[in-house]
Asks: 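The structure that follows is given in the form of structure tokens.
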Number of protein chains: 2
Amino acid sequence: MTPKIKDTEKTTVGIVRTHYHTFDSIALECGETLGPVTVAYETYGELNEQKSNALLVLHALTGDANAAGTHEGLNNAGWWDSMIGPGKALDTRRYFVICSNVLGGCRGTTGPSSINPETGKPFGLDFPAISINDMVDLQKMLIESLGIDKLLSVVGGSMGGMQALSWLARYPEKIRSAITIATALRHSPQQIAFNEAGRQAVMADPNWNSGCYYNGPAPDRGLAVARMIGHITYMSSASMAEKFGRLKKEKARPTKFAADFEVEGYLHYRSDQFVKRFDANSYLYITKAVDNFDVTEGKPLHDMLHGVKASALIIAFRSDWLYPASQSKEILKACRLAGVEATYCEVDSDYGHDAFLLEVDEETHLISHFLKKIS
Amino acid sequence: MTPKIKDTEKTTVGIVRTHYHTFDSIALECGETLGPVTVAYETYGELNEQKSNALLVLHALTGDANAAGTHEGLNNAGWWDSMIGPGKALDTRRYFVICSNVLGGCRGTTGPSSINPETGKPFGLDFPAISINDMVDLQKMLIESLGIDKLLSVVGGSMGGMQALSWLARYPEKIRSAITIATALRHSPQQIAFNEAGRQAVMADPNWNSGCYYNGPAPDRGLAVARMIGHITYMSSASMAEKFGRLKKEKARPTKFAADFEVEGYLHYRSDQFVKRFDANSYLYITKAVDNFDVTEGKPLHDMLHGVKASALIIAFRSDWLYPASQSKEILKACRLAGVEATYCEVDSDYGHDAFLLEVDEETHLISHFLKKIS
């Protein structure tokens, strides 16, 4: 395929659509077997004849398969549209980019809101416990169904980075490289604690009803509180100060304790948007998978990546206090101890954890060079 | 009064009891008048003849008048018992120590759970909006009723530090010094955001019922989530890692999504204890007072303490990310710009914001020397 646009010219992948692939079953880490299981995915660019140019993009906590482009009739672009497309970091003139919704999600892939074939009703809490490794296993099944034996790279931020680490540690022969952004080998107790406060907010909502709410009102207020907690941790104190200061909203407050500071209005707006698109049970299952994830599996750091031939690019952000740079340096250390070729970069950003969605120029520079080097 | 014990010997103030003083009314910053208004307070040590040895201790968000000693029949000591007593930092052989519950509280001082004399029922949301300055005004009324014209010092951490700043800026002639610990001139948007997530958790609980819950079940689950958020922000990531690591609770989990990490169990335990002693509406009113507080009142920093003769001791903690040392340095800057004699100390602690309750040795050293110097 001859690139028809200049290297400096960046455009969108345009109108895209989500594909679905259904497998008979998947064996889960918890010991249970789940089936049938459907995975929602999208692809951008073209797979070359050697099937050697495939990149797998791994989404974060609440992402979905729509990483780039827009769906027919809709306006909003995919969650990493700034990074995927002709001339962009994941250049669709060179690479075949795949993104799938994670197992346990609510955006097309089988999750707790899917119909349980045994009952004809949504799973709710009958959905089995899932892990980051299970998410990766389903991705591996998808990749194999597409006829791809080896991925050029797996790339993800935050929970997506954990999936990249799982690929690197468990299926190193299936990837030529992994790119981890703002992530960790495992959650610290502080990271677990924030997730737990969010889960408690969801479960405190009487509409949650032990996960059985699909025929009635959803636990939107509880999920909104969980998302507010999340959003606070995604920004740095400095970026909040820059964006909102102590500005007050102009409108008079209708009731006592209605939001009056702009930062409060922002949290309300973002969480109100979120609950329209996300399932509360998926939030519980996925945050628990993240908290339980430990790529070291209790082994010493130098054993974790023993014998791995794939290389790694590790990106962190100075102001990210949720996934601090120290955690990315631990990933680097694990690579160094195992002789894995690894590049580490701490981007000097004020955006906190959100930087992985916002520092497009820096990430483009780092990732496009890394991909050119290995391809 | 001759000290009967050695300087190095530290003992408790023993059995204490709470006193109550009722005033006809108080004029509030919001423009409303509240009356009658009762203030709950305790005193330790003896007021000297010149009435020159009085220290006012100012409690944080959820504290109360019982700063030291124990109540008859109870086991738990006051919230700052480690700092107040014979031979301790606030040495009751030398000083007369006063601590009162803040206006809007629920531990004896008039607040939203008090009876509204106009209706014979608890105020609920009919309670007027209160401010940190209002809390200080009520303290000033109490001090005057005790016949004290000038306090040797006002001392408080976190929200208590804001009250100390309000005393320093608004009534400098009434104090010889102020001691602020782990506090700020005003909340950053991040600090506001954490409080707002907590308020939303309370108000999302249907038992909250727009503040009318005193004849039925209280919004305990919502308040518990708010407190969990609080507790996460009170600890540093390092102290959580030290205390809990990724240890799992030994007991089998009774249900999916029950707490399994020890850090989760800790949050549950602490928040369960909290809701037994605290009123949800007080939580809303007081957090809002904290968020609205701005001791600069929009003036440039150099005008804030113009002409103030009192001196200041400013204490911060290295690992406190909720009230970072940078905010205490701003207080120091305001003092320096106004020529206020100020001492600043950043204690090298891993305990996060909780350090103000835990770093007893360091605080004792700093505060006892400061008090000896000014008295």
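The structure displayed is predicted, hence computed values, not measured ones. Convention: sequence-line order gives letters A, B, ...; per-chain numbering from 1.
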Asks: Heavy-atom distance under 4.5 Å to chain B: side chain of A:P128, backbone, both or neither?
Replies: backbone

Asks: Is it the case that more than 12 heavy atoms not belonging to A:E242 sit under 6.0 Å from its CD atom?
Replies: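 Count not over threshold, so no.
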
Asks: Which bit of A:L284 is near chain B, if near means a heavy-atom gap under 4.5 Å: side chain, backbone, both or neither?
Replies: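 Its backbone and side chain both get close to chain B.
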
Asks: Does some side-chain heavy atom of A:I232 sit less than 4.5 Å from a side-chain heavy atom of B:E196?
Replies: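 With C-beta onward as the side chain, the pair stays apart.
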
Asks: Could you look at A:Y285 and say if it's the side chain, the backbone, both or neither that has a heavy atom under 4.5 Å from chain B?
Replies: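 It is both, since atoms from each part get that close.
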
Asks: Can you name the side-chain contact (heavy atoms from CB on, under 4.5 Å) partners of A:A241, sequence neighbours left out?
Replies: B:P189

Asks: Between chain A and each of B:G245, B:S188, B:S236, count heavy-atom pairs under 4.5 Å; write down the option with the most.
Replies: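 Looking at each option in turn, the highest pair count goes to B:G245.
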
Asks: Pick one of side chain, backbone, both or neither for A:R227, based on which atoms fall under 4.5 Å of a heavy atom in chain B.
Replies: neither

Asks: Quick one: closest heavy-atom pair of A:V225 and B:A197, and the distance?
Replies: CG1-O, 3.9 Å

Asks: Against chain A, work out which of B:M235, B:H231, B:M240 has the most heavy-atom pairs shorter than 4.5 Å and name it.
Replies: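 Option with the top pair count is B:M240.
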
Asks: Does OH in A:Y351 sit with more than 12 non-hydrogen atoms of other residues, nucleotides or ligands closer than 6.0 Å?
Replies: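 Counting other residues, nucleotides and ligands, OH of A:Y351 stays at 12 neighbours or fewer.
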
Asks: For A:F257, run the side-chain contact (heavy atoms from CB on, under 4.5 Å) check against B:T287, B:V202, B:N281, B:L125 and tell me which one passes.
Replies: B:L125

Asks: Considering only heavy atoms and a distance below 4.5 Å, find which of B:I192, B:T233, B:L247, B:I229 pairs most often with chain A.
Replies: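 Most heavy-atom pairs under 4.5 Å with chain A: B:I192.
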
Asks: Would you check if A:D294 and B:R246 make a side-chain contact, meaning some heavy-atom pair closer than 4.5 Å?
Replies: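 In contact.
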
Asks: Would a 4.5 Å heavy-atom cut-off, applied to side chains only, mark A:Q200 and B:R221 as touching?
Replies: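 A side-chain contact under 4.5 Å exists here.
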
Asks: Does any non-hydrogen side-chain atom of B:D260 lie less than 4.5 Å from one of A:D291?
Replies: no

Asks: Supply the atom-to-atom distance A:K256 NZ to B:S210 OG, rounded to the nearest 0.5 angstrom.
Replies: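 One finds 12.0 Å between NZ of A:K256 and OG of B:S210.
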
Asks: Nearest 0.5 Å, please: how far is NZ in A:K288 from CZ in B:F261?
Replies: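 Interatomic distance, B:F261 CZ to A:K288 NZ, rounded to 0.5 Å: 6.0 Å.
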
Asks: B:Y266 versus chain A, heavy atoms under 4.5 Å apart: side chain, backbone, both or neither?
Replies: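 When you check distances to chain A, no heavy atom of B:Y266 falls under 4.5 Å.
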
Asks: Can you tell me which of A:Q191, A:M203, A:R199 forms the most heavy-atom pairs within a distance under 4.5 Å of chain B?
Replies: A:M203

